[in-house]
Structure formats: C-alpha cells, structure tokens
Amino acid sequence: MMKWTHPSKLFWLLAIVIPFYLTWTFDHSLWNPDETRDAGIASEMYRNQSFVVPTLNGEVFLEKPPLYYWSCSLVYWLSGKVTAGTTRLPSALYGILGILFTFLLGRRLFNDNIGFVAGLMLATTLQYFKMSHFAMMDVSLAALVAGALYFYVIGSKVGFSVFTILAFFSKGFLGIILPGLVVIGDCILEKKPKELAKWMGVGAVFFVALAGPWLWALWQKGGRQFLEIFLIDNHWHRFFSESADHTEHFWFYYFLSFPVDFLPWSLWFIVFIKRLIQNFSEILTHRGVRFVLTWFVALFVFFTISSSKRSIYLLPLFPAGALLSAYGIGGIQSRIFQKAHVYVVSLFVFLLMVSSITVVKRLDIEKTFVPLCDVIKSNMVEGVFVGYNLNEMERGVFGFYLNSTFKNVLTQDELAQFINGHSSQKILVLVNRNKMHDMANLSGIKLEPLFAYRPEKRTRSYILYESVDRRR
C-alpha cells in the first residue's frame, strides 16, 4: 500500500472535501427558516454599508454577533453578487476550515492517519454536512472553536486568543466559554494551574483589544439598551432562563439527538466508547485521548445543563467526536482503518450524484420563495409593497429577494391606516394563507387577490392582494 506523506494526506483531504462542500451551495434558493432570516440581515448590512448593528428589515437584530454577516459582506464585495449561493458560501468555507483543523489536531495529537480519517468522518457527518450548506453561523462556531483548540495544543497563545475572539463574534460569549471550558479542564487534568492563568490573561488582553471596539460602537449606537439586548437577553436568558427559546424538559435530549446527527459514524463512536470502558486506565494515559475526551465531555455537559437546547448546538463537539471515532478504528480494526478513506470517498461520490440529480432540484421546487418574489417585484413598478404580520423568516427572505426593506404591519388597524394614508394608487399586501381571513374584516377597504402562491400547501403559502378603488 502506498505510504502517504503529510502534505499528500492534506492535499487529498482538501481535494475531496472542497468540491463536495461547494456542491449544494450555489444550486438552489434560500430554504431553511433560519438562513432566510440571516440572509436578509446579511444583505441588508451590505446594502446599507452599516457593519456595527445588524438589522432585519430596518429593525435592530442583536440575537447574534455580526461575524457571519461580515463574512457574507466580504463575499458579496469580492464576487460582486448578492445571491443565495454567495450568502451560503461562508458557511461552506467555515465547514471546510473545521475539517482542516480536525485533521491538524488529529495529526498533532495522534498521527497522520487518524487526522485524515477524522477529517473525512467530520466532512461526511449528517448534521455537520447539512449545516455547512445553510447560511447560518453554527458551523462557523464549530470551526473557530476547533481552531482555537488547535492553537492551544501547539502552544500559541496569540492564535488561541484570536480564534476565541472570532468565535465570540460568531455566537457571542458562547465562543469564549466553549474553548475556555476545554482549556480549564485540560489544565486541571494536567495539573498546570499557572499555565491556565497565563492563557486567561493573554485572552483577556485580546478580548479588550479586538472585541472591545465593537462593544463600544454598539453602546455608541444604542446605549445601555443595545448592550442589555445583546448581553442579557441573548446570553443569560437564552442559556439559563426557563423562558429560553428551544427548551427541552429532559436531560437525555442530547443523548438521543447526537447518535442520529452523528450518522453514519455513530457506530464508530460507540466502538471508541466500548474500548474506553474496557481499557479505561490504559487509554487515558494517552495525552491526545485525554484532551479530546475533555473537549467532548465538557461541551456535552455544558449544553445539557443549558435551558436552551437544539441538536445543532452540539456542532462544536463534532470534531472531537470524529477524532475519538477515528482513534477507535485505528486501535481496534486496523484493516478497516487503513481502507477507511476508500469507503468514505465512495460515500462522497454516491451522495454527490444523488443530491445533484434528484434531491436539490426537488426540494427547491417545494421550498423556494423566488417565484413569489418575482411576481411582487414585477408589480412593485407601479405600486407599493406591504407585508401583513410577517415573521422573522418572512421579513428576511422577502427583504433579501426584493433587495429592499418594506413596511410590515402587525394589525388590521395598522394595515388600514397605511393603505388610507398612502398616496400610491396601487398597494400590494402580502398575507400568509393562515391569516388571510383578516383581510375580509378591513373596514372600508377592498382588497382583491392578485396572486396565490402554493394555495394547496399549509406552509410557505401566501396570497398577494391589491388595493381596489381607494381614490374614487
């Protein structure tokens, strides 16, 4: 069997992963409810050249920091295009970056083979691959946390601090807490309390230098209110309040979700767990295993304790899961380990063919907003567009494809006042099908259906109305 050197392993890993991850990136419109919202915010930031405070259809949106929106703006500027593909591209690139750091960690902590197989495992993991093809910041957090931990392993305090602050700009203080927990746990296990103080000290200096200016600019824009929204509402309440979003009321949520999301490699992870139980003392003598296991366990416990739970929150521990799984294969079934890249490449090719030929095109027909937006744009030439009680996802996607902000009214009275007070003869009103009965109760105002989009469906179904005879 051919003996690969380090550079060739990395070359083949990137040669396989890059084209695979660019597939599904440019060949469909915006789908996911979260990515439609984030795409709207990113395009609005770029359109307005306002890079401090993210806005959604003109309203301040501080649920997440701006790194992903900045990344999209950079891609828009470099490509000269604001499309679903260019909005999704940063997520794919962050996904590739996370795979690269997984390889580098595997090579540093174990050997070249484990790094290569772990990188391929992560690349083909169900949840990681899927989320790398949505315009969302969850994969960026996973990649940047992996990057921070790589620099910790090689002893670079500057690299660790920079990537930790970038992780902060990805998802707030979670980006600092996650690598911080791993470093604290590792320093305790390795009995290096003085080292921990040094890492924390350097990190604090870099936080003030790199994150401080943005927090100051945020305060300059909105004062104490903006800081409270970002720091309290979207950090403390989200992770520790009983009123947090995405709550799950049992401790075993992640024990059930992780094996499904980590497919098809869950069995290999179980192989590692079995080996760990059988040879606990022997395995834990390995520095690399201790570090990666600390990474996995610390993050798993943290997310389990948190009040807010979603399966995608576990993405930052997926690189650790891939490394442990690759180590389990290498230790138990060396023949499978030697040929693992062949099986993974075959899986790549199969998924690529199937997704390109059937899945993407079929899903795009069901999930796209483009035909409706085209109708709205063609009619906006002669009139004004207003949305009726549209949610975050809807405000994001229509702002993105219409390339502008628009009026979104929340009640029937607001809609009536807007129509009566507007000088345009033609006003277009977009209503979700579930709320269309409200249009029959508008006092003194007549609306005629102009276009029905997917009227037979329960979701993504809308009626576009046109005002009639208002000035006669």
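Computed from a prediction, not measured in an experiment: that's the story for all the values here.
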### Ring centroid separation Phe318 to Phe129 under 6.0 Å
no
### Task
Mind running side-chain contact (heavy atoms from CB on, under 4.5 Å) on Tyr253 and Ser311 for me, showing each step along the way?
CA-CA 8 Å; Tyr253 176 76; Ser311 60; 4.1 Å; yes
### Task
Could you walk me through whether Leu97 and Phe101 pass side-chain contact (heavy atoms from CB on, under 4.5 Å), step by step?
CA-CA 6 Å; Leu97 184 66; Phe101 278 122; 3.6 Å; yes
### Summary
Shortest non-hydrogen pair, Ala146 vs Pro319, comes out as CB-CG, 4.3 Å
### Query
Within the distance-only criterion (no hydrogens, no angle test), does the side chain of Lys309 pair as donor or acceptor with the backbone N or O of Ser306 below 3.5 angstrom?
yes
### Message
Before you tell me yes or no, could you show the steps for Ile463 and Val429 under side-chain contact (heavy atoms from CB on, under 4.5 Å), namely the whole-Å CA-CA distance, both residues' side-chain angles and the distance that decides it to 0.1 Å?
### Response
CA-CA 8 Å; Ile463 306 294; Val429 182; over 6 Å; no
### Query
Roughly how far, to the nearest 0.5 Å, is the OG1 atom of Thr294 from the CD atom of Glu190?
8.0 Å
## Note on the structure
On a heavy-atom basis, the closest approach of Val260 and Leu126 is O-CD2, 3.8 Å
#### Entry: Backbone of Val60 reached by a side-chain donor or acceptor of Thr55 within 3.5 Å
no
### Query
Are the aromatic rings of Phe230 and Trp219 close, with centres under 6.0 Å apart?
no
### Ring centers of Phe398, Tyr462 separated by less than 6.0 Å
yes
### Task
State, with a plain yes or no, whether a side-chain heavy atom of Glu195 is found less than 4.5 Å away from one of Lys157.
yes
### Query
For the residue pair Tyr254 and Phe303, does the interplanar ring angle fall in the parallel (under 30°), tilted (30 to 60°) or perpendicular (over 60°) class?
perpendicular
### Query
Would you call Arg37-Glu394 a salt bridge at under 4.0 Å N-O?
no
### Task
Step through it carefully: locate the ring centre of Tyr465, locate the ring centre of Phe451, and say whether they are under 6.0 Å apart.
no
### Query
Is a side-chain donor-acceptor pair under 3.5 Å present for Thr83 with Thr86?
yes
### Query
Do you know which two heavy atoms are closest between Thr368 and Tyr453, and how far apart they sit?
O-OH, 2.6 Å
#### Entry: Residue Lys407 excluded, over 12 heavy atoms near NZ under 6.0 Å
no
### Side-chain heavy-atom pair Leu428, Leu464 within 4.5 angstrom cut-off
yes
### Message
Given 3.5 Å as the limit, does a donor-acceptor pair link the side chain of Glu466 with the main chain of Pro449, or not?
### Response
no
### Task
Provide the closest heavy-atom pair for Thr405 versus Gly58 in the form atom of the first, atom of the second, distance.
CG2-N, 3.8 Å
## Note on the structure
Interatomic distance, CZ@Arg88 vs SG@Cys72, rounded to 0.5 Å, equals 10.5 Å
### Query
How about Ser71 and Tyr94: does a side-chain donor come under 3.5 Å of a side-chain acceptor?
yes
### Query
Roughly how far apart are Leu30 CG and Met393 CE, rounded to 0.5 Å?
11.0 Å
### Query
How close do Arg460 and Lys367 get, heavy atom to heavy atom, and via which atoms?
NH1-O, 2.6 Å
### Task
Could you check if a side-chain atom of Leu415 sits within less than 4.5 angstrom of a side-chain atom of Val386, using non-hydrogen atoms only?
yes
### Query
Any ion pair linking Asp34 and Arg310 (charged N to carboxylate O, less than 4.0 Å)?
yes
### Query
If you measure only the distance, is there a donor-acceptor pair under 3.5 Å linking the side chains of Asp364 and Trp31?
yes
### Task
Taking the side chain as every heavy atom from C-beta outward, state whether Val384 and Lys426 have any atom pair closer than 4.5 Å.
no
### Query
Say you draw a straight line from CD of Glu59 to CD1 of Ile41; how long is it, rounded to the nearest 0.5 Å?
11.0 Å
### Message
Can you confirm whether more than 12 heavy atoms, excluding those of Lys377, are under 6.0 Å from its NZ atom?
### Response
yes
### Interatomic distance, Leu263 atom CG to Thr125 atom OG1 [nearest 0.5 angstrom]
9.0 Å
### Task
Identify the heavy atoms of Leu447 and Ser467 that sit nearest to each other, and give their distance.
CD2-CA, 3.6 Å
### Query
Between the main-chain N or O of Tyr152 and the side-chain N or O of Ser156, is there a donor-acceptor pair closer than 3.5 Å?
no
### Task
Determine, for Glu366 against Lys457, whether the closest basic-nitrogen to carboxylate-oxygen distance falls under 4.0 angstrom.
yes
### Query
At what distance, to the nearest 0.5 angstrom, does CG of Leu166 lie from CG of Leu144?
5.5 Å
### Query
Is it true that Phe103 and Tyr150 have ring centroids separated by less than 6.0 Å?
no
### Query
So, for Phe302 and Tyr313, is the gap between ring centers shorter than 6.0 Å?
no
### Query
Given side chains that start at C-beta, do those of Leu109 and Phe291 come closer than 4.5 Å, heavy atoms only?
yes
### Query
Is it true that a side-chain atom of Lys64 and a backbone atom of Ser170 form a donor plus acceptor pair closer than 3.5 Å?
no
### Query
Can any side-chain N or O of Trp24 pair as donor or acceptor with the backbone N or O of Phe134 at less than 3.5 Å?
no
### Task
Test side-chain contact (heavy atoms from CB on, under 4.5 Å) on Ile154 and Phe151 and set out the steps.
CA-CA 5 Å; Ile154 67 173; Phe151 284 107; 3.7 Å; yes
### Pairwise side-chain contact, Phe300 with Thr304, heavy-atom cut-off 4.5 Å (strictly under)
yes
### Query
Pick from Tyr46, Phe400, Trp70, Tyr69: which one makes a ring-ring contact (aromatic ring centres under 6.0 Å, His included) with Tyr76?
Tyr46
### Pair Lys130 + Asp261: basic N to acidic O under 4.0 Å
no
### Query
Would Phe169 and Tyr68 count as a close aromatic pair, with their ring centres under 6.0 Å?
no
### Message
Please check this pair: side chain of His28 against backbone of Ile365, looking for a donor-acceptor N/O pair closer than 3.5 Å.
### Response
no
### Message
If you define the side chain from C-beta out and look only at heavy atoms, does anything of Val145 sit under 4.5 Å from Leu141?
### Response
yes
### Query
Between the main-chain N or O of Gly115 and the side-chain N or O of Thr102, is there a donor-acceptor pair closer than 3.5 Å?
no
### Query
Around atom CD of Gln225, are there more than 12 heavy atoms of other residues, nucleotides or ligands at under 6.0 Å?
no
### Query
Of Val52, Leu67, Ile165, which meets side chain to side chain contact (heavy atoms under 4.5 Å, CB included) against Trp214?
Val52
#### Entry: Backbone of Arg395 reached by a side-chain donor or acceptor of Asn408 within 3.5 Å
no
### Message
If you take the centroid of each ring, where Trp contributes its six-membered ring, are Phe160 and Trp199 closer together than 6.0 Å?
### Response
yes
### Query
Are Phe369 and Tyr401 near enough that their ring centres are under 6.0 Å apart?
no
#### Entry: NZ (Lys221) with more than 12 external heavy atoms under 6.0 Å
no
### Task
State whether the side chain of Tyr128 and the backbone N or O of Gly95 hold a donor-acceptor pair below 3.5 Å, judged by distance alone.
yes
### Query
Does any non-hydrogen side-chain atom of Ser50 lie less than 4.5 Å from one of Met45?
no
